[in-house]
Novice: 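Got a structure for you, questions after.
Atoms considered below: every heavy atom in the structure, side chains included; atoms not considered: hydrogens, waters and symmetry mates. Both ligands and their constituent atoms are indexed starting at 1 by order of listing.
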Amino acid sequence: MATKKKKLKLKSLSASRPPALKVAQSISSKATRTLIRAHHTLEKQKARALADGNDAKAAGISREIESKGGLSTYQKASLLGQSNDRGGDSSRILMEWLSPIVPALKEQLATGQPVRMLEVGALSITNACSRSRLFEIERIDLNSQAEGIKQQDFMQRPLPTSQKECFDIMSLSLVLNYVPDAVGKGAMLLRTLLFLKSKSSSHVPEYLPSLFLVLPAPCVNNSRYMNEEKLIAIMTALGFVIVKKKLSNKLVYYLWRLESPTTKRGLGFKKEEIRSGSSRNNFAIVLR
Ligand SMILES: C[S@@+](CC[C@H](N)C(=O)[O-])C[C@H]1O[C@@H](n2cnc3c(N)ncnc32)[C@H](O)[C@@H]1O
């Protein structure tokens, strides 16, 4: 008599995930993008209202932001965007680019002088950089989502008091575009100069000290006020040279090495239209 074999049903890994995560992961990538975009728009409107001195309007927009889940919900949506099926964590690109200097990074680690990284706008402590264990990483965010991420505004972070407190690498991955106004974006880039080590103290001067900058691709390729030429001009004026770049469908990645931080005042980068068109966005960086 033939015995009926009981079929073993293999459950997918996702079936064992806790319900909260399941709910979060059920948000489509389109809904995630819409949520992220809506948050950015409201933050920009709020910044404009504050700049106009309209505190009541700004407070109303703040309430609207909170009613949509606020920064935490935005961060959860951003984390979903980092999942492998949605493009993955941007620091994988940085690790790819740094692969030629891994021996040097290991040597520095072995001699007790690990390469120091400041990750601004950190959402996780398990991205590719963290998993490599090649760096001494300080992670900060306006709203910390995990132990190991300090809750701190980079713009308010106390300045380093010595080279030892400075960093070999800074990461601004999808952070600059979060800053709601063009002057604030310029100020953030300018401030990185105060946190990066000097070139003379670098063991790998072809790559470090450097800034890893990631932006949504339309910030550079579809803005009225920005294109790659202008971005390079701004970064050059600050004292950076481009080491690596990569353009994907959604993001642009750059590694900029700091040659000599500018001490110049009056850099003169204004919000000037480069290309017109109703489908353009308004991403801009102003450096006065
Ligand atoms: C889109 S998330 C990016 C997360 C991650 N770096 C990535 O590449 O996916 C932007 C994060 O930057 C943080 N952020 C924006 N401005 C900041 C500032 N001035 N200081 C610290 N964190 C900031 C926000 O709180 C938010 O969590």
Novice: Hey, could you give me the CG/CG distance between Leu174 and Leu215, rounded to the nearest 0.5 Å?
Specialist: 7.5 Å
Novice: Between the side chains of Asp141 and Ser144, is a donor N or O closer than 3.5 angstrom to an acceptor N or O?
Specialist: no
Novice: For Gln108 and Asp168, which I'm curious about, is there any donor-acceptor pair between the side chains at under 3.5 Å?
Specialist: no
Novice: Polar contacts were defined as any N/O atom of the residue lying under 3.5 Å from an N/O atom of the ligand; does this apply to Ser173 and ligand 1?
Specialist: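 Yes, at least one N or O pair falls under 3.5 Å.
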Novice: Is any N or O atom of Gly121, backbone or side chain, closer than 3.5 Å to an N or O atom of ligand 1?
Specialist: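 Indeed, backbone or side chain, Gly121 has an N or O that close.
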Novice: Run the side chain to side chain contact (heavy atoms under 4.5 Å, CB included) check on Ile285 and Phe269 step by step: do they pass?
Specialist: CA-CA 8 Å; Ile285 299 171; Phe269 289 97; over 6 Å; no
Novice: Check each of Val214, Leu176, Asp153, Leu71 against atom 19 (N) of ligand 1 and report the one with the nearest heavy atom.
Specialist: Asp153
Novice: List every atom of ligand 1 that sits less than 4.0 Å from any heavy atom of Leu123, numbering the atoms from 1 in the order shown and giving each element.
Specialist: 4 (C), 27 (O)
Novice: Do any nitrogen or oxygen atoms of Asn143 come within less than 3.5 Å of a nitrogen or oxygen of ligand 1?
Specialist: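 Between Asn143 and ligand 1, no N or O pair is found under 3.5 Å apart.
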Novice: Mind checking whether Gln152 contacts ligand 1 via backbone (N, CA, C, O), side chain (CB onward), both or neither, at a 4.0 Å heavy-atom cut-off?
Specialist: backbone
Novice: Would you check if there is a donor-acceptor pair between the side chains of Ser200 and Ser198 at a distance under 3.5 Å?
Specialist: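 Yes - a donor-acceptor pair under 3.5 Å links their side chains.
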Novice: Take every heavy atom of Gln156, measure it against each atom of ligand 1, and state whether any distance is under 4.0 Å.
Specialist: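 Not so, Gln156 does not reach ligand 1.
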Novice: If you link I, L, V, M, F, W and Y whenever their side-chain heavy atoms are under 4.5 Å apart, who else ends up in the same group as Ile65?
Specialist: Leu42, Ile61
Novice: Taking the minimum heavy-atom distance to atom 23 (C) of ligand 1, which of Val179, Leu142, Leu251 ranks first?
Specialist: Leu142
Novice: For ligand 1 and Phe154, I'd like to know whether there is a polar contact (N/O to N/O, distance under 3.5 Å).
Specialist: yes
Novice: Would you call Lys199 and Glu259 a salt bridge, using N to O less than 4.0 angstrom?
Specialist: yes
Novice: Just which atoms of ligand 1 are under 4.0 Å from any heavy atom in Ser90?
Specialist: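 Heavy-atom distances to Ser90 below 4.0 Å select 8 (O).
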Novice: Quick check: does Gln75 get an N/O under 3.5 Å from an N/O on ligand 1?
Specialist: yes
Novice: Using links of under 4.5 Å between side-chain heavy atoms of ILVMFWY residues, direct or through other members, which residues join Ile36 in one cluster?
Specialist: Leu71, Tyr74, Leu142, Tyr178
Novice: Looking only at non-hydrogen atoms, which of Ser72, Ser144, Ser78 approaches atom 2 (S) of ligand 1 most closely?
Specialist: Ser78
Novice: Determine whether Gln151 and Asn143 make a side-chain contact, defined as any pair of heavy atoms from C-beta on separated by less than 4.5 Å.
Specialist: yes
Novice: What do you reckon, does Tyr178 have a nitrogen or oxygen under 3.5 Å from a nitrogen or oxygen of ligand 1?
Specialist: no
